[in-house]
Participant: 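Got a structure for you, written out below as structure tokens; questions coming shortly.
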Amino acid sequence: LLLLRPGGTLGCASVAVGSPVVPLGSAITASCTIQSELCHGLEQGKVRITWMLDNEPVDGSQHRGPGGTEVSNLTLPQFNRTQAKLWCWVEWNGTKQRIGMAEIRAGYPPAKPFNLSCILDLSDYGLTCQWEQGADSHLPTSVALKCAGSRAQAVTGCTPQGGRSRCTVPRRLLQLYRQMEIWVSATNALGTTESEHLCIDPMDVAKLDPPALQSIQSIPFQTDCVALAWEVARSNAHMELQCELRYQAPEDPAWALVTGIVGQAGTMQHCGFLFGMQYRFQMRCRRSSARGYWSEWSLGRNYTTHEK
Amino acid sequence: LLLLRPGGTLGCASVAVGSPVVPLGSAITASCTIQSELCHGLEQGKVRITWMLDNEPVDGSQHRGPGGTEVSNLTLPQFNRTQAKLWCWVEWNGTKQRIGMAEIRAGYPPAKPFNLSCILDLSDYGLTCQWEQGADSHLPTSVALKCAGSRAQAVTGCTPQGGRSRCTVPRRLLQLYRQMEIWVSATNALGTTESEHLCIDPMDVAKLDPPALQSIQSIPFQTDCVALAWEVARSNAHMELQCELRYQAPEDPAWALVTGIVGQAGTMQHCGFLFGMQYRFQMRCRRSSARGYWSEWSLGRNYTTHEK
Amino acid sequence: APLAELSGDHGFQVFLQKNLEFTRKIKGDVAALQRVVCDTFQLCKEEELLLVRQDLGITQAPLEQCHSRTFQAEACFSQIRDGLRVYHGSLAAVRELLPGHTGLVETLQLDAANLSSNIQQQMEDLGLAMVTYPTEGRGPLPALSSHFHHQVGGFFVLANFQRFLETAYRALRHLTR
């Protein structure tokens with residue numbers, strides 16, 4: 001154990017490496033320099049320097065250096081570990097002493113993030129984006145989602161926590177109803193890369209809350225028609241929506257679909273139902289600009305048509 | 001948009017009450033004073049003042065006041081609501097106008113908190129105290145746990161959140177292994193009250209982690225005795241503890257208890273067990289100063305004694 | 001730019017559709033806050049507070065350019081943009097009034113600021129001349145003498161803002177094809 005003398009400088013020995021972070025598989029050069037007169041008990045001229053990569057001995061070449069120093073140089077032609085400690089040892093009083101160390105990391109420049117997509121949550125108007133990280137670079141990599149208004153004012157965004165590939169931009173950093181530029185940036189010691197840039201109006205990727213089917217009844221009594229009353233969720237009350245209805249008879253796996261239902265709330269009529277049959281109805285909506293996501297299907301509602 | 005004319009004064013009308021907070025059931029006096037020349041369109045001498053308590057009309061007595069003002073006084077002999085708005089109205093251009101308002105609250109001085117008890121959590125050495133709040137005073141009441149070292153230096157403590165009757169004093173505000181004075185203080189507009197003061201050393205109310213039963217075996221083979229190896233939890237390793245063991249035969253609802261087990265870890269012997277019977281064993285500990293709480297019972301451990 | 005040319009431009013129509021929806025959203029949130037003020041302070045009807053309003057000297061953000069027969073997009077847009085900025089400031093008084101609804105008021109302020117910058121940026125995109133109106137005395141509200149006056153002040157900030165949005169909505173809709 002190398003006990004530092006209080007206030008003592010560590011001139012006794014030092015390990016230098018070409019670069020502490022290198023591309024995986026590339027060569028490593030290092031040198032261990034010992035100023036023996038600064039190391040109590042190390043007799044000048046009798047210093048034997050050895051190296052260990054983590055726990056494996058590796059060979060260096062030792063020579064007399066300037067100013068009475070002893071220097072050992074080391075080259076590892078192909079460094080294939082992502083992380084290792086390079087130890088410099090000397091013999092001292094019949095014992096082997098760790099006298100210096102350098103940490104080496106190896107990996108790749110960050111992979112280009114891809115499959116970037118975002119959803120606006122209407123409960124708090126937070127914009128949650130997620131992406132694929134790509135191959136592991138084996139190096140500490142800082143990833144951030146970047147977000148700029150159309151006038152490229154300040155770049156804001158969010159930082160994913162706990163190594164996840166998603167994060168949420170809070171409402172106060174967004175500009176609603178106008179195009180924003182959104183991308184992912186990844187940086188590590190070997191470089192920086194960016195995903196494709198998305199140009200989206202956060203409102204166009206709003207995840208709508210499902211509508212509610214209020215009531216279903218036959219009209220008038222003899223026909224094969226049904227009237228449904230429906231209403232959109234409050235959070236979508238100010239939007240122009242297009243909705244669709246689906247219904248299914250119990251044994252029938254296929255859903256029948258009624259599209260092009262427009263407006264905020266209302267009743268709609270649909271015919272062609274079998275008599276005395278129980279049907280299951282669901283409805284969903286999307287912004288009429290057709291951009292953005294469908295809401296989930298509403299809660300199902302069952303209705304049995306009257307007998308003939 | 002309240003765009004005040006620069007320098008506009010607001011002297012047209014004002015409502016004054018004896019006190020905005022009164023004991024429940026007591027009398028309320030109020031006055032509404034109108035300076036008609038400061039109210040555009042209110043013709044002097046034709047001002048008719050009326051009152052409403054929330055939405056109920058109440059009668060005042062109106063008279064000419066000093067400086068051309070009109071004053072209406074109101075007395076409510078027994079105010080039984082915990083909260084109300086007293087509105088002063090005037091007629092103006094054929095409409096009734098709300099011209100002034102005073103909020104009145106009624107309740108009781110805070111009830112004396114009681115049943116104060118505290119537990120020291122050995123995982124973070126936070127002292128969590130809880131108490132009973134007593135009857136609701138119907139008034140905004142600030143409650144705080146107070147905590148003073150024996151030399152009555154600074155009074156620290158904690159404030160319960162969300163109306164709860166418990167809070168946790170962090171380690172940095174505690175004085176371990178010495179008596180501290182702990183009490184609850186409650187204050188509202190009608191007064192302040194304090195609970196009984198506890199004098200405790202936080203360590204004496206430490207909640208110990210349960211010991212662990214390491215192994216159970218018969219010794220020696222023929223006897224009705226059993227040897228148990230046990231060990232206290234790491235968080236209690238520095239304490240002098242007294243522990244007790246309990247065991248129970250499956251059908252037997254009652255637990256047999258072995259008390260006075262002392263020390264940190266060890267083995268103990270106990271006899272009197274039936275042969276070929278499965279017993280369930282548990283152990284718990286407390287600080288040997290006998291103050292403070294028992295730990296929970298350890299995880300149960302079953303052992304079947306050998307046949308005769 | 002003459003109106004005809006403007007309303008033919010697809011980008012401009014997209015801008016109008018988006019910001020009509022945005023205005024409807026803001027109006028919905030203002031109405032929600034008006035319900036809170038009514039429930040909390042029993043201040044629900046404007047006609048019961050005309051005398052106090054007169055006493056407080058409450059005025060409204062000008063929007064006459066959006067009314068007039070000689071409707072001028074630049075002038076009207078400028079007044080909408082400026083009025084939104086002023087309401088952004090005045091809503092601070094409502095936030096103080098309703099500590100339990102800070103989130104909703106802050107969202108309203110964010111939306112007002114966003115709509116204002118959307119209009120500003122659209123005017124720049126269209127090369128419309130920016131007219132800036134004097135905003136004397138239109139900062140956030142000075143301290144008011146009593147709780148009651150503060151509550152009435154908050155009531156009128158919301159009532160006037162709702163009216164302002166109604167007029168702005170009609171002006172934007174007037175420009176849609």
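Naming convention: chains lettered A, B, ... in sequence-line order (proteins, then strands); numbering from 1 in each chain. The shown structure was predicted, so the numbers you read here are calculated from the model rather than taken from an experiment.
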Participant: For B/Q97 versus C/L51, what's the shortest heavy-atom pair and its separation?
Facilitator: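 Nearest heavy atoms, B/Q97 then C/L51: OE1-N, 2.8 Å.
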Participant: Measuring heavy-atom distances to chain B, does C/E47 have an atom under 4.5 Å in its side chain, in its backbone, in both, or in neither?
Facilitator: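 Backbone only.
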Participant: Can you name the closest pair of heavy atoms from C/T40 and B/K85 and give their distance?
Facilitator: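 Looking at all heavy atoms of both residues, the closest pair is O-NZ, 3.1 Å.
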Participant: Is the number of heavy atoms from other residues, nucleotides or ligands within 6.0 Å of CD (B/E194) greater than 12?
Facilitator: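 For B/E194, atom CD is crowded (more than 12 foreign heavy atoms under 6.0 Å).
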Participant: Between B/R98 and C/V52, what is the shortest heavy-atom contact and its length?
Facilitator: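 Closest pair (atom of B/R98, atom of C/V52, distance): O-CG2, 3.0 Å.
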Participant: Considering non-hydrogen atoms only, spot the tightest contact between B/I99 and C/F148 and give its length.
Facilitator: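 Smallest heavy-atom distance, with atoms named: O-CE2, 3.2 Å.
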Participant: Is the NZ atom of B/K207 crowded by more than 12 outside heavy atoms at less than 6.0 Å?
Facilitator: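 Atom NZ in B/K207 is crowded, with more than 12 foreign heavy atoms closer than 6.0 Å.
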Participant: Does a sphere of radius 6.0 Å around CZ in B/R166 hold more than 12 heavy atoms from other residues, nucleotides or ligands, not counting ones at 6.0 Å or beyond?
Facilitator: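 Not more than 12 within 6.0 Å, no.
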Participant: Pairing donors with acceptors under 3.5 angstrom, does anything connect the side chains of C/E48 and B/W89?
Facilitator: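 C/E48 vs B/W89: no donor-acceptor pair found between side chains.
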Participant: Can you tell me which portion of C/F41 sits under 4.5 Å from chain B's heavy atoms? Options are side chain, backbone, both or neither.
Facilitator: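 For C/F41, the contact with chain B is made by backbone and side chain together.
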Participant: Using a 6.0 Å cut-off, check whether atom CG of B/D59 has over 12 heavy atoms from anything other than its own residue.
Facilitator: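 At most 12 heavy atoms, drawn from other residues, nucleotides or ligands, come within 6.0 Å of this atom.
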Participant: Would C/Q151 and B/E103 count as having a side-chain donor-acceptor pair, cut-off 3.5 Å?
Facilitator: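 Result is yes, a qualifying pair exists.
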Participant: Identify which part of B/N93 has an atom lying under 4.5 Å from any heavy atom of chain C, answering side chain, backbone, both or neither.
Facilitator: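 The answer is neither part of B/N93.
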Participant: Just wondering, more than 12 heavy atoms not from C/H101 lying within 6.0 Å of its NE2?
Facilitator: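 Not more than 12 within 6.0 Å, no.
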Participant: How long is the span from the OG atom in B/S14 to the NE2 atom in C/H149, to the nearest 0.5 Å?
Facilitator: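 Reported value, rounded in 0.5 Å steps: 8.5 Å.
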Participant: Could you tell me which portion of B/V90 (side chain, backbone, both or neither) has an atom closer than 4.5 angstrom to a non-hydrogen atom of chain C?
Facilitator: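 The answer is the side chain of B/V90.
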